[in-house]
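Position 1 is the first residue of the sequence, and the numbers go up from there. Only heavy atoms go into these numbers, but all of them, side chains included; no hydrogens, no water, no symmetry mates.
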Amino acid sequence: MTGFSEDPQAPYGGAPRNKKSFLHWVQRQNETFEFKNGRVVMHPGGTRRHGQIISRFVAALLNRLDPAAWIVTSAEFAVEIGEDIRYPDVVVERATDDGHELSTRAPVVLVEVVSPSSSGIDMKVKLAEYTSLASLETYIVASQDEPIVWVWQRDADTRVFPSTPDEIRGRDGIIEISALKLSLPLAELFRAIL
């Protein structure tokens, strides 16, 4: 078993079979899971570098966004995609009044930090899932091995995502997130990591 949500042998058949039950069940677990195609499947942990890059994204976004208008969370918060539930590494959504929600259906920006074993999932499967969300404006995939990111941004006029991402590489690179009207320098995100 690889542990990834697309693993057909994931052994959690006795767990909840619908999203609402899953969201309450998963809160009591010591491991991390996702809900894919009506099945509960393990969501693997990451390396220290993976966690550091997630933390840098969260810190950079929190430092730039108005907390009255935006909420930034990490992999603890669920995103509902049709009948599936994912836990992206970073979620940015518009602020709501309910701090007790277990998930969102309206993320504006999602970030995944890719590892060699998850690149196909993050760059293909999750890309298709995430960009199907009407609220999503930007999807970012960040390498944990070098200062490089791939960015898909919805076109403001056509409302369509490009088929290929903008590839931004090197410490001098800057991610421009038009929906949030902010810039994230790769030097800040990867500082003292790579």
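- Between Ala179 and Glu137, the closest heavy-atom pair is CB-CB, 3.5 Å.
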Which pairs of donor and acceptor atoms, one on a side chain in residues 65-73, lie under 3.5 Å apart (sequence neighbours left out)?
{"unit_1": "Asp66", "atom_1": "OD1", "unit_2": "Ala68", "atom_2": "N", "d": "2.9"}

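- Environment of CD in Glu76: sparse, with no more than 12 heavy atoms of neighbouring residues, nucleotides or ligands closer than 6.0 Å.
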Trace of the side-chain contact (heavy atoms from CB on, under 4.5 Å) decision for Val141 with Trp152: CA-CA 9 Å; Val141 175; Trp152 288 265; 3.7 Å; yes
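- Among residues two or more places apart in sequence or in another chain, the side chain to side chain donor-acceptor pair (under 3.5 Å) test is passed with Ser163 by none.
- For Pro107 against Leu110, the heavy-atom pair with the smallest separation is CB-CD2, 3.6 Å.
- Side-chain contact check for Leu184 versus Leu61: some heavy-atom pair is nearer than 4.5 Å.
- Remark: Ile193 CD1 to Arg48 CZ distance equals 11.5 Å, nearest 0.5 Å.
- Rounded to the nearest 0.5 angstrom, Gln52 CD and Gln144 CD are separated by 10.0 Å.
- You'll find the side chain of Val92 stays beyond 4.5 Å of the side chain of Thr138, heavy atoms only.
- Two residues are said to be in side-chain contact when any heavy atoms from C-beta on lie closer than 4.5 Å; Val79 and Glu93 fail this criterion.
- Phe77 and Leu133 fall into different hydrophobic clusters, where Ile, Leu, Val, Met, Phe, Trp and Tyr residues are linked whenever their side-chain heavy atoms come under 4.5 Å apart, directly or through other members.
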Derivation of the salt bridge (Lys or Arg N to Asp or Glu O under 4.0 Å) call for Glu129 and Lys124: CA-CA 9 Å; Glu129 292 174 358; Lys124 294 179 183 165; over 6 Å; no
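- Contact check for Val125 versus Arg86: side-chain heavy atoms found under the 4.5 Å cut-off.
- Ser143 and Val114 get closest at one heavy-atom pair: CA-CG1, 3.8 Å.
- Summarising the geometry, atom CG belonging to Leu182 is positioned 11.5 Å from atom CD1 belonging to Ile174; distances are rounded to the nearest 0.5 Å.
- Screening residues 53-63 for side chain to side chain donor-acceptor pair (under 3.5 Å), with sequence neighbours left out, gives no hits.
- Shown here for Ile168 and Gly173, the closest heavy-atom pair between the two residues is CG2-CA, 3.7 Å.
- In this structure, the side chain of His50 engages the main chain of Val113 through a donor-acceptor pair within 3.5 Å.
- Pairs engaging residues 177-189 under the side chain to side chain donor-acceptor pair (under 3.5 Å) rule: Arg64-Glu188, Gln153-Ser178, Glu176-Ser183 [sequence neighbours left out].
- Residues in residues 160-180 take part in no ring pair (Phe, Tyr, Trp, His ring centres under 6.0 Å) pair, two or more places apart or across chains.
- Here ring pair (Phe, Tyr, Trp, His ring centres under 6.0 Å) pairs that include residues 104-133, with residues two or more places apart or in two chains, are Tyr130-Tyr139.
- The shortest side-chain heavy-atom distance between Ile177 and Ile140 falls under the 4.5 Å cut-off.
- In this structure, Arg159 places its CZ atom where more than 12 heavy-atom neighbours from other residues, nucleotides or ligands lie under 6.0 Å away.
- If you take CD1 on Ile148 and CH2 on Trp150, they are separated by 4.0 Å, rounding to the nearest 0.5 Å.
- Side-chain atoms of Phe57 and Ile175, non-hydrogen and from C-beta on, do get closer than 4.5 Å to each other.
- Put simply, the side chain of Lys126 reaches to within 4.5 Å of the side chain of Asp122, judged on heavy atoms.
- Of all the heavy atoms in Ala134 and Arg154, the pair that sits closest is O-NH2, 3.8 Å.
- Looking at Leu186 and Asp172, their side chains never come closer than 4.5 Å, going by heavy atoms from C-beta outward.
- With hydrogens and angles disregarded, no donor-acceptor distance shorter than 3.5 Å links the side chain of Ser135 to the backbone of Val108.
- In terms of heavy-atom proximity, Ile53 sits nearest to Phe190 at CD1-CE2, 3.7 Å.
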